[in-house]
Amino acid sequence: MTAEKVLYQSDISIFEVPLFQAMRRLQQAGEVHAKRVARYGGLTPMQLLILRALADEARLTASALSRRVSLTAATLSVLLDRLEERGLLQRQRDERDRRRQWLVLAEAGRALLEEAPPLLPPEFRLRFAALPEWERHALTAALLRAAELCGGE
């Protein structure tokens, strides 16, 4: 093993346990909140995220939505089918290019979003809102960077 590799491993090893513990706590909190959200209308946080993304745009293609919500096309397709079956979104063919399909939030989806719980747990939202603006930006940037380091988009 080279001296450089030994140095690299020892430099990050002091961070490994606390980083893993922090990531695990975030995962657990996310799972608990996902169960709370699912009690509301049987929707998962990802389904709510999809509906919110559609609410922000007049219409989106599946590929654009896939990038926006960081899901593979296959996973997104399953979720879209479920949301469409429930009448929460609609698929519409493009009038000019029949190969293109647009995703549009249905009125039932819009109504459901008005009553839907937030994507983030209430305790987190309160504590996050109490932080100074600079710290909210820094924390958001750090979490986005951590996700990027994990291979997420």
Side-chain angles (χ1 to χ4, degrees), residues 1-2 4-91 103-106 108-153:
M1 195 176 307
T2 67
E4 183 178 301
K5 192 169 184 177
V6 170
L7 179 62
Y8 170 75
Q9 287 178 342
S10 66
D11 283 348
I12 67 162
S13 63
I14 62 170
F15 299 103
E16 190 167 9
V17 170
L19 282 173
F20 180 81
Q21 289 172 329
M23 290 170 67
R24 180 65 187 133
R25 287 177 62 195
L26 288 169
Q27 180 183 12
Q28 288 173 319
E31 290 169 358
V32 168
H33 185 61
K35 288 176 184 172
R36 278 189 227 142
V37 169
R39 281 187 231 136
Y40 171 80
L43 293 176
T44 65
M46 283 309 301
Q47 289 170 322
L48 279 176
L49 181 62
I50 289 167
L51 294 177
R52 292 215 171 139
L54 290 173
D56 291 343
E57 301 288 333
R59 61 187 188 172
L60 285 170
T61 63
S63 60
L65 181 60
S66 169
R67 285 188 300 277
R68 183 158 304 176
V69 298
S70 301
L71 288 175
T72 64
T75 301
L76 180 63
S77 180
V78 170
L79 294 173
L80 292 175
D81 288 344
R82 290 181 185 153
L83 293 168
E84 186 179 31
E85 286 169 9
R86 293 185 60 179
L88 301 175
L89 68 84
Q90 299 167 341
R91 290 180 167 119
L103 301 168
V104 179
L105 186 63
R110 196 168 306 284
L112 186 139
L113 277 179
E114 289 179 17
E115 302 296 323
L119 289 171
L120 295 171
E123 311 82 34
F124 179 89
R125 290 170 54 87
L126 284 171
R127 292 178 185 138
F128 188 80
L131 296 174
E133 186 175 359
W134 70 266
E135 195 170 359
R136 290 188 298 228
H137 286 286
L139 182 56
T140 300
L143 285 171
L144 290 171
R145 182 70 171 127
E148 184 180 292
L149 292 173
C150 289
E153 290 184 27

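Residues take their numbers from the sequence shown, with the count starting at 1.
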Using side chain to side chain contact (heavy atoms under 4.5 Å, CB included), reason through R52 and L113 one step at a time and then give a plain yes or no.
CA-CA 7 Å; R52 292 215 171 139; L113 277 179; 3.6 Å; yes
Salt bridge (charged side-chain N to carboxylate O under 4.0 Å, His left out) partners of E115, counting only residues at least two apart:
none
Straight-line distance of R25 CZ to Q21 CD, nearest 0.5 Å
8.5 Å
When I50 is tested against each of L43, L60, T44, L83 for side chain to side chain contact (heavy atoms under 4.5 Å, CB included), which residue passes?
L83
R24-Q27 side chain donor-acceptor pair, cut-off 3.5 Å
yes
Can you tell me how far apart CG (L76) and CE (M46) are? Round to the nearest 0.5 Å.
8.0 Å
Where is the tightest heavy-atom contact between A73 and S66, given as atom of each residue plus distance?
N-OG, 4.1 Å
Minimum heavy-atom distance between R86 and G42, given as atom pair plus value
NH1-O, 3.7 Å
Are any non-hydrogen side-chain atoms of R36 and P121 less than 4.5 angstrom apart?
yes
Which atom of A53 lies closest to which atom of R68, heavy atoms considered:
CB-CD, 3.9 Å
Which atoms form the tightest heavy-atom contact between C150 and M23, and what is the distance?
SG-CE, 3.6 Å
Just jot down the side-chain hydrogen bond (donor to acceptor under 3.5 Å, both in side chains) partners of R127, sequence neighbours excluded, or say none.
none
Got more than 12 heavy atoms from elsewhere within 6.0 Å of CD, E16?
no
Do the side chains of L65 and L71 get nearer than 4.5 Å, heavy atoms only?
no
Should R91 and L103 count as side-chain neighbours, where that means a heavy-atom distance under 4.5 Å?
yes
Using a 3.5 Å cut-off and no angle test, enumerate the donor-acceptor pairs between side-chain atoms of residues 131-146 and protein atoms at least two apart in sequence or in another chain.
{"unit_1": "E133", "atom_1": "OE2", "unit_2": "H137", "atom_2": "NE2", "d": "3.3"}
{"unit_1": "R136", "atom_1": "NH1", "unit_2": "A129", "atom_2": "O", "d": "3.1"}
{"unit_1": "T140", "atom_1": "OG1", "unit_2": "R136", "atom_2": "O", "d": "2.8"}
{"unit_1": "R145", "atom_1": "NH1", "unit_2": "E148", "atom_2": "OE2", "d": "2.4"}

Do R125 and P118 come within less than 4.5 Å of each other through their side chains, counting heavy atoms only?
yes
Heavy atoms, side chains only, cut-off 4.5 Å: are Q47 and L88 in contact?
no
Separation between CG of L105 and CZ of R59, rounded to the nearest 0.5 Å
14.5 Å
Minimum heavy-atom separation for A116 to L48, with atom names?
CB-CD2, 3.6 Å
